[in-house]
2 protein chains.
Amino acid sequence: MADNDLDTTRVRILESAGQMFAERGFESTTVRDICQAAGANVAAVNYYFGDKERLYIEAVVRAHRWRLDQAQLPDWNATTPPREKLAGFIHTFFERILGGKDDTWRTRLVMREFMNPTAACAEIAQSNIRPQFEILQSILRELLPQGTSDEELHLTAFSIVGQCLFYHVAEPIICNLVDGAEFATYDVDKLAEHVTKLTLAALDAKAAHAARGAGARR
Amino acid sequence: MADNDLDTTRVRILESAGQMFAERGFESTTVRDICQAAGANVAAVNYYFGDKERLYIEAVVRAHRWRLDQAQLPDWNATTPPREKLAGFIHTFFERILGGKDDTWRTRLVMREFMNPTAACAEIAQSNIRPQFEILQSILRELLPQGTSDEELHLTAFSIVGQCLFYHVAEPIICNLVDGAEFATYDVDKLAEHVTKLTLAALDAKAAHAARGAGARR
DNA sequence: AATTGATTGAAACATTTGTTTGAAACGATC
DNA sequence: GATCGTTTCAAACAAATGTTTCAATCAATT
C-alpha cells in the first residue's frame with residue numbers, strides 16, 4: 001500500500017504508465033505495453049491496481065504531486081515586496097511546467113486529464129491547484145488597488161496562468177511559428193521574466209489609473 | 001469529392017465524428033458509434049474515407065476551417081488605430097474559441113489535435129494559424145516601440161493568445177476555482193475586454209518606458 | 001423497362017485488448 | 001526445513017473494434 005519511492009514493480013508500473021498515458025492517451029496505451037516497459041507481467045496491473053482505470057488515476061495524481069514537490073515556492077516573509085513575490089510565483093510555475101526536459105510528460109499527463117476530466121481532475125483541482133490559486137490571489141490583492149472586485153482578481157490570475165500554460169499546450173504550434181533556433185533559447189528564466197514584466201507593467205498602469213482617478217475626483 | 005454543406009451521408013459522418021472525437025478522443029470513439037449517430041452504416045466510413053484515421057484528419061481540418069470562417073476579422077483601413085485593431089483581433093479570437101455553446105466541440109477537437117499532433121497539425125499550423133499570427137504581429141509592431149526585437153514581438157503575441165486559450169483548455173479547473181454564478185457571466189465581450197485592457201496597459205507602459213529612456217539619453 | 005454506377009445494409013473476419021486463472025517461484029517466519 | 005502469504009508468470013477468455021465482403025437498393029440515363 002505504501003507507494004514510496006522504492007524501485008518496486010508497483011512504482012515501475014506507475015512511472016511507465018504515466019509516460020505512456022501522457023504520450024498516447026489512455027485508450028491508445030495498452031496494458032501489455034505498460035508492463036513490458038516496466039519489466040512486469042501483464043497480470044501485474046490487475047494485481048496491484050484492480051484495473052486499468054484505477055492505474056491511470058493513481059498515475060495522474062502521482063504525476064501532479066511530483067510536479068508540485070519538484071519546485072517549491074520561495075520562502076517569503078512579511079517584508080517581501082509583492083512584486084518580488086509575483087516574480088517568484090511565475091518563475092516557480094514555469095519550473096513546474098517546463099521542468100527538466102525528461103519530466104515534461106508529467107505536465108502533459110495532467111493537461112490531458114484536464115481536457116478529459118475523470119475522477120482525478122476534481123481531486124487535483126481541490127487539493128493541489130486551489131491552494132496555489134489562493135496564494136496568487138493574495139499576491140495580486142497587494143498589487144491591485146483596493147476595491148478591486150473579486151472577478152477582476154480572478155481574471156488577472158487567469159491571465160498570468162494562461163500566459164505560462166500556453167508554452168506547454170501549444171508547443172507544436174510554437175515550433176511551427178518561430179524559428180527553431182529561437183525556440184531553443186526559450187528557457188524558464190527568459191519566459192518567466194517576460195511574463196512577469198508584462199504583467200507588472202499592466203498592474204502598475206491599473207494602479208496608476210486608479211490613483212489618478214481618485215485624485216481627480218477629490 | 002465535393003464536401004459542400006449538403007446533408008449528405010459524408011458530411012453527416014464528418015460532423016458526428018468530429019463531435020465524438022472531440023469529446024472522447026480518437027481511440028475511445030468507435031466507428032460504430034459514429035455511424036449510428038450519423039444514421040449511416042458501419043461500412044460507410046471505409047467507403048467514404050478509406051479508414052478511421054483519414055476520417056479523423058478530415059474532420060479536424062474541417063473543424064478548424066469552420067472555426068476561422070465562423071468569425072472573421074473586422075475590416076480595417078489605413079486609418080484604423082492599432083489599439084482598435086488589437087481589440088478587434090482579441091474579440092474575434094474569443095468568438096472563435098468560445099463561439100456558440102453548441103460549437104465548442106470544434107475548438108476541443110483542434111486543441112486535442114495540438115496536444116496529439118498528427119498530420120493534421122502541421123497543415124493547420126501552416127495554412128490557417130500562421131497567417132493569423134502574422135496579422136497579430138503586424139498590429140503589435142505598430143504598438144511597440146521601434147527597435148523591439150522579433151523575439152519580444154513573438155513572446156508578446158504568445159501572451160495574448162495564451163490568455164485567450166486558457167479559458168478553453170482549463171475550463172474544468174476554472175469551474176472548480178470560481179463560483180458557478182460568476183463563471184456563468186464569463187462571455188466573449190467581458191473576457192475580450194479584460195484581455196485587451198490588460199495587454200494594452202502593458203504595451204503602453206513599455207512604450208512610455210522606451211520613450212522616457214530615449215529622452216533621458218539625449 | 002433495362003442498364004449502369006453509386007450507395008447502403010447485414011453479416012462475418014481477423015486482431016487487439018482488458019481481464020482472469022491457476023500454478024510456479026519467492027521470502028520471510030516459526 | 002516446512003509453512004504461509006505475497007508476487008510473478010504463461011496461457012487462456014471474452015468482449016470489442018476496424019475492416020471487408022457481397023448482395024440489395026437506389027437514381028439517373030438510355
Side-chain angles (χ1 to χ4, degrees), chain A residues 1-63 109 112-113 116 118-120, chain B residues 1-63 109 112-113 116 118-120:
Chain A
M1 185 61 73
D3 41 24
N4 284 339
D5 275 359
L6 262 26
D7 181 36
T8 160
T9 302
R10 185 186 160 83
V11 312
R12 263 185 292 125
I13 290 179
L14 272 173
E15 291 287 301
S16 296
Q19 297 185 44
M20 296 187 137
F21 286 147
E23 298 309 324
R24 314 179 200 171
F26 179 78
E27 303 285 341
S28 301
T29 305
T30 73
V31 173
R32 282 172 175 79
D33 286 346
I34 293 173
C35 290
Q36 187 183 345
N41 187 270
V42 208
V45 162
N46 292 59
Y47 177 73
Y48 283 107
F49 304 96
D51 57 17
K52 187 186 174 187
E53 189 176 351
R54 270 175 288 180
L55 163 61
Y56 167 81
I57 293 179
E58 198 157 334
V60 174
V61 172
R62 179 185 171 88
L109 181 59
R112 213 186 261 276
E113 164 65 17
N116 261 67
T118 70
Chain B
M1 185 62 72
D3 40 26
N4 285 338
D5 275 358
L6 263 26
D7 180 35
T8 159
T9 302
R10 187 185 158 83
V11 312
R12 262 184 293 125
I13 290 179
L14 273 172
E15 291 289 298
S16 297
Q19 296 186 45
M20 294 186 138
F21 285 147
E23 298 309 324
R24 314 179 199 170
F26 179 77
E27 304 285 340
S28 302
T29 305
T30 73
V31 174
R32 282 172 174 78
D33 286 347
I34 294 173
C35 290
Q36 187 182 345
N41 187 269
V42 207
V45 162
N46 291 59
Y47 178 72
Y48 283 107
F49 304 95
D51 57 16
K52 187 185 173 186
E53 190 177 349
R54 270 174 287 179
L55 162 61
Y56 167 80
I57 293 180
E58 197 157 337
V60 174
V61 173
R62 180 187 170 87
L109 180 60
R112 210 186 262 277
E113 164 65 18
N116 261 67
T118 71

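Side chains included, hydrogens not; waters and symmetry mates left out as well; all remaining heavy atoms used. In what follows, chains carry the letters A, B, and so on, assigned in the order in which the sequence lines appear, proteins first and then strands, with residues in each chain numbered from 1.
- Remark: Leu14(A) CG to Tyr48(A) OH distance equals 11.0 Å, nearest 0.5 Å.
- For the pair Lys52(A) and Phe26(A), the cation-pi test (distance below 6.0 Å, angle within 45°) is passed.
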Polar pairs (N or O, both sides) under 3.5 Å between protein and nucleotides 11-15 of chain D?
{"residue": "dA12(D)", "atom": "N6", "partner": "Arg32(A)", "partner atom": "NH2", "Å": "3.4"}

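- Residues Thr9(A) and Asn46(B) both approach DNA chain D. Their nearest nucleotides, taken by heavy-atom distance, put Thr9(A) toward the 5′ side.
- Checked against salt bridge (charged side-chain N to carboxylate O under 4.0 Å, His left out), Glu53(B) has no partners two or more places apart in sequence or in another chain.
- Applying the salt bridge (charged side-chain N to carboxylate O under 4.0 Å, His left out) rule to Arg112(B) yields no partners; only residues at least two apart in sequence or on another chain are considered.
- A straight line from CZ of Arg24(B) to C1' of dA16(D) spans 14 Å, rounded to a whole angstrom.
- We find that CZ of Phe49(A) is positioned 15 Å from P of dT20(C), with the value rounded to whole Å.
- Among the heavy atoms of the strands, none lies under 4.0 Å from Ser28(A).
- One interatomic measurement links the two molecules: CG of Asp33(A) to C1' of dT16(C), which rounds to 11 Å at whole-angstrom precision.
- Checked by atom type and distance alone, the side chain of Thr30(B) pairs as donor or acceptor with a backbone atom of Asp33(B) at under 3.5 Å.
- Separating the CD1 atom of Ile34(B) from the P atom of dG18(D) is a distance of 8 Å, rounded to the nearest angstrom.
- One can place NZ of Lys52(B) at 14 Å from C1' of dT15(C), the figure rounded to the nearest angstrom.
- Formation of a donor-acceptor pair under 3.5 Å by the Glu113(A) side chain with backbone atoms of Thr118(A) is found in this model.
- Spacing between atom CZ of Arg10(B) and atom P of dA6(C) amounts to 15 Å, rounded to whole angstrom units.
- Among dT7(D), dT19(C), dT19(D), the nucleotide with an atom closest to any side-chain atom of Tyr47(A) is dT7(D).
- Protein atom CD1 of Ile13(A) is 12 Å distant from nucleotide atom P of dT7(D), rounded to whole Å.
- Other residues, nucleotides and ligands place no more than 12 heavy atoms under 6.0 Å from the CD atom of Gln36(B).
- The distance between atom OH of Tyr48(A) and atom C1' of dT8(D), rounded to the nearest whole Å, is 8 Å.
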